[in-house]
Trainee: 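I have a structure I would like to understand better, so I am pasting it below and will then ask my questions one at a time.
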Amino acid sequence: MSTNNQKLFLSMPIPPKYDALAVENKWYDYWMTNKYFHSIPDNREPYTIVIPPPNVTGILHMGHMLNNTIQDVLVRRARLKGKNACWVPGTDHASIATEAKVVARLKEQGINKNDLSRAEFMKYAWDWTDEFGGVILQQLKKLGCSCDWDRTKFTLNDDMSESVIKVFIDLFNKGLIYRGFRMVNWDPQAQTTLSDEEVIFEERLGNLYYLNYKIQDSDEVITIATTRPETILGDAAICINPNDERHTHLKGKKAIVPLCGRIIPIIEDDYVDIEFGTGCLKVTPAHDQNDKVLGDKHQLEVIEIFNLDATLNSFGMHYEGQDRFVVRKKIAKELETKGYLIKTEEYLHKVGTSERTKEVIEPRLSDQWFLKMETLAKPAIKAVLEDQSINLFPKKFENTYRHWMENIRDWNISRQLFWGQQIPAYYYGDGKDDFVVSNSIEGALELAKNKSGNLGLLISDLTQDKDVLDTWFSSWLWPMSVFDGIRNPENEDIKYYYPTNDLVTGPDILFFWVARMIVAGYELKDQKPFTNVYFTGLVRDKQRRKMSKSLGNSPDALKLIEDFGADGVRVGLLLSSAAGNDLMFDEALCQQGKAFGNKIWNAFRLIDGWKVAEIPQPEYAATATDWYQAKFQKTLVEIEDHFSKYRLSDALMTTYKLIWDDFCSWLLEMVKPAYEAPIDKKTYDSVVSILESNLKILHPFMPFLTEEIWQTLEKRTPKQALIISSWPEIKSYDHSILEGFEFTSEVVSGIRSIRKEKNIAFKNPIDLLVLNNESQVKNFDSVISKLGNITSLTYTTTSVDNALSFRVKSNEYFIPANDAIDVEAEILKLEDELKYTEGFLKSVRKKLSNERFVSGAPEQVVASEKKKDADAVAKIETLKASLINLK
RNA sequence: GGGCGCAUAGCUCAGUUGGUUCAGAGCACCUGGUUUACACCCAGGGGGUCGGGGGUUCGAAUCCCUCUGCGCCCACCA
């Protein structure tokens, strides 16, 4: 901004209301232009946060707003504390979610994904990404996020993908990645497998069907209970418990599967719960995890009856091509008609669903890639639970972390999708082990020649694995890969910024992401990825419901920013959101944030409007500014303490009260000159300096408003911008002045109460007489006079007749009444106070007369009780004297 | 089924090793207030037997037991 513009701007009247919209874009541009967010390694201490990358095609929702506000507060504070703050932004390719969206869009255009080649599909997906990708990052700018945008990463960028492939190959060569034929979680809609973590178990009301199976060469039947009658076509056995006497006679016999008539053995295994159902279990190894285990143990046939989309295949006979749930109803009907179904009970059970598509998961046997987790988990467990080199906030999540890590299972990392990093495995034959892993097909060819001994192999003989890697297999490298620490482990950035400092995320991805990053950090770099993890809660609505699109209870984030300003929204979100606690969002909170901004704005207008004159500083002003300096220091210590414990809501609330109550309501009222009267320079300078300190500690929470006031107060060069100024240092302060003020504020409140009680308007000055028993410093008398609109404050040694009175500790204050006062009412008031104080004294003495209390309690506590005793005695004397006087 | 956590004012929550400052904060509510920064404001005020019951202690919101009501995570019972 040029000097002329600055003058022009300053000459314009400052608007009475803070106009967030007009101000925010201006300062964001200013910060960007001056590259304050950009970080390069230097000799300062680094402070690093990597953003939890949102889905590239996502839009900003309340969870993002909360999460990123917290990160920005931490980053801005670190920057003010002189650290080299670096907040790396970026987006995630979110394979399943994004691919599902692209597939849906193609479908609208009449295109079937299965008709496309990988390359063709990828073209569509990239188009989609280019169209919608990164919108969310633009939205974060509106919120004020001070990310280093020059470092923006996307998990599918070439360099990121190279890192992922390199890690896959390394882990494969270490023997940690293997290919296995296993029962996996199949999502029939997305037509891919999912990791165990991506399966959400939901309680559903289903039926338990009791079916009769005929026993071969017999008139007998055996009854089994199942929730999935359609899977009988894949039955391989009936299993009974060897200890179950009801079925002893069936041992070694064979049963006949209804409808298809297949003969299956009756096997015995104590896995079967005698108590459940009929004590007989039908075994379907192809479609149930447990049945697979039983099948392996008893060498049962594996009969797969589903297609990839969960319709029945040829084993489904006349149901072939129909959906599993449709068939369930139809087959139940048929079984009933034919007399196999003997009864149906309602049954509440848990059903696994896909986190992304909500589709019911179908357990399915297939070849997949897995990462062995058990040994990898060890250092990650130690780091969090033993060494405390990584701290979780709140701490309660350590239990959850421990449980998962100690019971960790191998991670299925392959997905039957296009949108992701294709697995770098190449097959050269039909054998189970006829593959090699390499980052290029040329490299693969060499390896394949060696492995197979067939030197005549050609590139055209190789086929790359069709699967891609789980998205989290790229996200788990994020804190390293954003600094290119995988490909170039010795580069300057990774050495400087890693390990990062704080990670801010939701507890829902503790396993998906946080735990795995810790694992990756130790395995690949032998270093933790971050030191502190701050878990935010879920943003809910006033009725505690989750915010969701389907409920329509999620406010439009950008609309909120328009209505309340980014600062207002930030404050609103942070006001009541302790780490790990859900936040009950209410627009009223943002309104409170906006009102706070306006309050500060008006305090600024007041100060800015003062005419400064070379006049002596009044005593009250000197006392007031001294007091505030001490108060500020004391509060700063509290704020630091809150930050050190990641109690950001408390840090904000402490700042809020300091500025609203202490600064605006007390300090400014104390120093404020009479209307249109000038202020002395000394006081003015002090107040401006105080305001500047306030702006500094408020800046992380309300960056726009504070920068606007900072820059309007005075013409600043880019090097003097608030965003890069310095956080106030903790200095020692005068405690006694704070005690003096506490006492004073009680006196002022006493005066105000009397004024209100007796309807004496503030503009009417009054007199005040003090019967002094306290050894309080009298420095504050001028303050009392100012805030109480006292004409004369005088000390007296006796009670004052015909006056209104109140007491603070054992001091008595009298306000002479112009009209006769209601003596009866005064007497009643005094008697009430006396009665209360005597009762209080009695309870204190009871305590003090208790031998065991005096000997058992700490000295400090006993002393304080004795002090209470003495204070109460003094006050009782005062009260009695006044009563005698009145009577 | 296993584990963890929570219950304090109308609402959202603080309350550290039991004892100065223990019953608090913000919002909401009630009363009064418009020339003099701000009605997005100022001043004053009411409000809780700390979920129920029992115990330990001189002393419990705080420690122990138990009951009730919630929440979360994990788990292959058809």
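Side chains are part of it too, since the values below use all heavy atoms of this structure and drop only hydrogens, waters and symmetry mates. Chain identifiers are assigned alphabetically (A, B, ...) following the order of the sequence lines, protein sequences preceding nucleic acid strands; residue numbering begins at 1 within each chain.
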Trainee: What does A:Trp610 touch in the nucleic acid at a heavy-atom separation under 4.0 angstrom: a base, only the sugar-phosphate, or nothing?
Mentor: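 Nothing, no heavy atom under 4.0 Å.
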Trainee: Hey, is the side chain of A:Gln592 pairing donor to acceptor with the base of B:rA28 inside 3.5 Å?
Mentor: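 Result: no qualifying N/O pair found.
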Trainee: Identify whether any heavy atom of A:Val862 sits under 4.0 Å from a base atom; if not, whether one sits that close to sugar-phosphate; answer base, sugar-phosphate or nothing.
Mentor: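 No contact.
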Trainee: What's A:Cys239 touching, base or sugar-phosphate or nothing? Going by heavy atoms closer than 4.0 Å.
Mentor: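 Counting heavy atoms under 4.0 Å across all strands, no contact is made by A:Cys239.
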Trainee: Picking from B:rG26, B:rC76, B:rC13, which would you name as closest to the side chain of A:Arg544?
Mentor: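 When the side chain of A:Arg544 is considered, B:rC13 is the closest of B:rG26, B:rC76, B:rC13.
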Trainee: Taking A:Ile751's backbone N and O only, do any of them form a donor-acceptor pair with A:Arg755's side chain (distance below 3.5 Å, no angle check)?
Mentor: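 Such a contact is absent between A:Arg755 side chain and A:Ile751 backbone.
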Trainee: Base, sugar-phosphate, or nothing for A:Tyr656, non-hydrogen atoms under 4.0 angstrom?
Mentor: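 A:Tyr656: backbone/sugar contact only, no base atoms under 4.0 Å.
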Trainee: Base, sugar-phosphate, or nothing: which does A:Asp582 touch, judged by heavy atoms less than 4.0 Å apart?
Mentor: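 The answer is sugar-phosphate, as A:Asp582 gets under 4.0 Å only of primed atoms, P, OP1 or OP2.
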Trainee: Is A:Lys542 touching bases, backbone alone, or none of the nucleic acid, heavy atoms closer than 4.0 Å?
Mentor: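 A:Lys542: no heavy atom of the nucleic acid under 4.0 Å.
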Trainee: Side chain of A:Lys396, base of B:rC4: donor and acceptor closer than 3.5 Å?
Mentor: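 Answer is no: no donor-acceptor pair is held.
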Trainee: Just call it for A:Arg647: base, sugar-phosphate, or nothing, with non-hydrogen atoms closer than 4.0 Å on any strand.
Mentor: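 Contact class for A:Arg647: sugar-phosphate only.
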Trainee: Rounding to an integer number of angstrom, what distance separates B:rG3 and B:rA14 when you compare their P atoms?
Mentor: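 Result for the P pair: 26 Å, nearest Å.
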Trainee: Have a look at A:Lys672 and say if it touches a base, only the backbone sugar-phosphate, or nothing, with a 4.0 Å heavy-atom cut-off.
Mentor: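 The residue A:Lys672 makes base contact.
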Trainee: What contact category does A:Ser749 fall into here, base, sugar-phosphate, or nothing, at under 4.0 angstrom with non-hydrogen atoms?
Mentor: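 The residue A:Ser749 makes sugar-phosphate contact but no base contact.
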Trainee: Checking all strands, does A:Arg409 fall into the base, sugar-phosphate, or nothing category for heavy-atom contacts under 4.0 angstrom?
Mentor: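 Sugar-phosphate: the residue A:Arg409, judged by heavy atoms under 4.0 Å, touches backbone atoms but no base.
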Trainee: Can you say whether a donor on the side chain of A:Asn399 sits under 3.5 Å from an acceptor on the base of B:rC4, or the other way round?
Mentor: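 It does not, because no donor-acceptor pair links the side chain of A:Asn399 to the base of B:rC4 below 3.5 Å.
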Trainee: By the 4.0 Å heavy-atom rule, please label A:Phe604 as base, sugar-phosphate, or nothing.
Mentor: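 Touches nothing.
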Trainee: Could you check which of B:rU16, B:rU12, B:rA78 has an atom nearest any side-chain atom of A:Met584?
Mentor: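 Closest nucleotide to the A:Met584 side chain: B:rU12.
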Trainee: Could you check A:Glu275 against A:Asn602 and say which one's nearest nucleotide on RNA chain B is further toward the 5' end?
Mentor: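 This one resolves to A:Asn602.
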Trainee: Any base atoms under 4.0 Å from A:Tyr347, or only sugar-phosphate, or nothing? Heavy atoms, all strands.
Mentor: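 Touches sugar-phosphate only.
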